Amino acid sequence: MAMYKISKMKKEEIPELIEMWHNQYSKYCNGTVTPDFLSGGENSIMTYLENQINYGNAIISKKDDVITGYIAWMYFDFHNEKSAFCPIIGHATIEEDSQTIYHELYNYAAQIWVDDARFNHLWMIYNDNHTLKDILYDIGFGSHVIDAYTKVQKPVCEIDSKYKISIATYSDAEVLLGLIKESVNFYIESPIFLKRGVYELDDVIDIIKTDHLLVAWDNDRPIGIMNLSVQSGYNIENLASTNTGLISKVGAYIKPEYRGLGIGKCLLNEVMKHCTEKSIQYLHVCFETANPFANIFWRKHFKPIILSVRRTVNKDANITK
């Protein structure tokens, strides 16, 4: 028998839910390496919850008429699979009995998802919330993506003098397209199996125009890239605030034969320099946990803050017997 009463979320409950979320955010994001999402991100949370209430995608748990937790989710197709997705702002519970509350919220929501043939479940949680992590892993969720942060600093870096690093220019676009396509092929192979977007020459030119694309060279051969963009506004998924640096779009890639030479660290060093010049204090990166090279490199320099987990439910789960 359920200990908590699950019901549809109401708009008048949102302020109390945001306060609950604030408490959870403050516990797991202490501000040492993460930007301040709280000061300007509240409207984003409110808008998200209001939208999900309108769609019927938001529930709360209560005990003795006291709200104890909530989940608000989105629907979309993820790699051609009908999916339910709960972002980091889309859930919170009180501290007391959090394990049971999360169990009952997910049990209720998951039935709705599967009844709608949404067998792919995606959930963003705080990396250091080991209680929730253990719950979801036991249910069948597995690690998928890490959002990590660092405060901008100047790492010590030395690179072999025969290599150089420069900011990409339009004249580099054509030769860089080959390296970017190589990186796309790297992601689709084992053990990552991630199909990324297709890049054409115009896409590379646009990145050079709008972003800060750093390139490592061996003479006239590009051997590594790192793409820096800047967040505009507040991001409800990775909790970035305005003027947060993002290693995004084409991300970072080093040709296999040049790995282990410190090239990635020196590219990061140049990113940090640019951030300092532009008064960017925090830097974000997102990487697949199935990527062994990313797991080693980014964890050395960044702190994991958000973990995205994924569960694939048996496809015959809602077939009537």
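Scope of the values below: all heavy atoms of this structure, side chains included, with no hydrogens, waters or symmetry mates. All of these numbers come straight from a predicted model, not from anything done at the bench.
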Residues in ring-ring contact (aromatic ring centres under 6.0 Å, His included) contact with [X], at least two apart in sequence or another chain:
| X | answer |
| --- | --- |
| F302 | W298 |
| H22 | none |
| Y55 | none |

Checking [X] now: which residues fulfil side chain to side chain contact (heavy atoms under 4.5 Å, CB included) with it, not counting sequence neighbours?
| X | value |
| --- | --- |
| E257 | R221, K255 |
| D206 | none |
| T242 | Y234 |
| K82 | D77, D116, A117, R118 |

Going by atom type alone, with no hydrogens or angles, which donor-acceptor pairs under 3.5 Å involve a side-chain atom of residues 131-138 and a protein atom two or more places apart or on another chain?
unit_1 : atom_1 : unit_2 : atom_2 : d
K133   : NZ     : N127   : O      : 2.8

Exercise. Taking only residues two or more places apart in sequence or in another chain, which ones pass salt bridge (Lys or Arg N to Asp or Glu O under 4.0 Å) with K273?
Worked result: E270
Seminar exercise, completed: Of W123, W21, W73, Y70, the one forming a side chain to side chain donor-acceptor pair (under 3.5 Å) with H91 is W123
Exercise. Can you list the steps and then say if E81 with R310 is a salt bridge (Lys or Arg N to Asp or Glu O under 4.0 Å)?
Worked result: CA-CA 12 Å; E81 289 186 281; R310 179 181 179 188; 2.7 Å; yes
Exercise. Looking only at side chains, do S26 and N23 share a donor and an acceptor under 3.5 Å apart?
Worked result: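 Their side chains do not contain a donor-acceptor pair, so the 3.5 Å distance test is not met.
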Exercise. Side chains of Q24 and Y126: donor-acceptor distance under 3.5 Å anywhere?
Worked result: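 No, because no side-chain N or O of Q24 sits under 3.5 Å from a partner of the opposite role on Y126.
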Exercise. So, for Y108 and Y4, is the gap between ring centers shorter than 6.0 Å?
Worked result: no
Exercise. Got V198 and V184 here, is their nearest side-chain heavy-atom distance under 4.5 Å?
Worked result: no
Exercise. Under a 4.5 Å cut-off applied to non-hydrogen side-chain atoms, are V33 and I305 in contact?
Worked result: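 Touching, per the 4.5 Å side-chain cut-off.
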Problem set entry | Pairs meeting criterion side chain to side chain donor-acceptor pair (under 3.5 Å) with involvement of residues 276-288, two or more places apart |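 Qualifying pairs: D147-H284.
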Anything under 3.5 Å between a donor and an acceptor, one on a side chain of residues 185-192, the other on a protein residue two or more places apart or in another chain? List them.
unit_1 : atom_1 : unit_2 : atom_2 : d
N185   : ND2    : K181   : O      : 3.4

Exercise. Is it the case that more than 12 heavy atoms not belonging to D220 sit under 6.0 Å from its CG atom?
Worked result: no
Seminar exercise, completed: Grouping ILVMFWY residues whenever side-chain heavy atoms fall under 4.5 Å, the cluster of V66 otherwise contains none
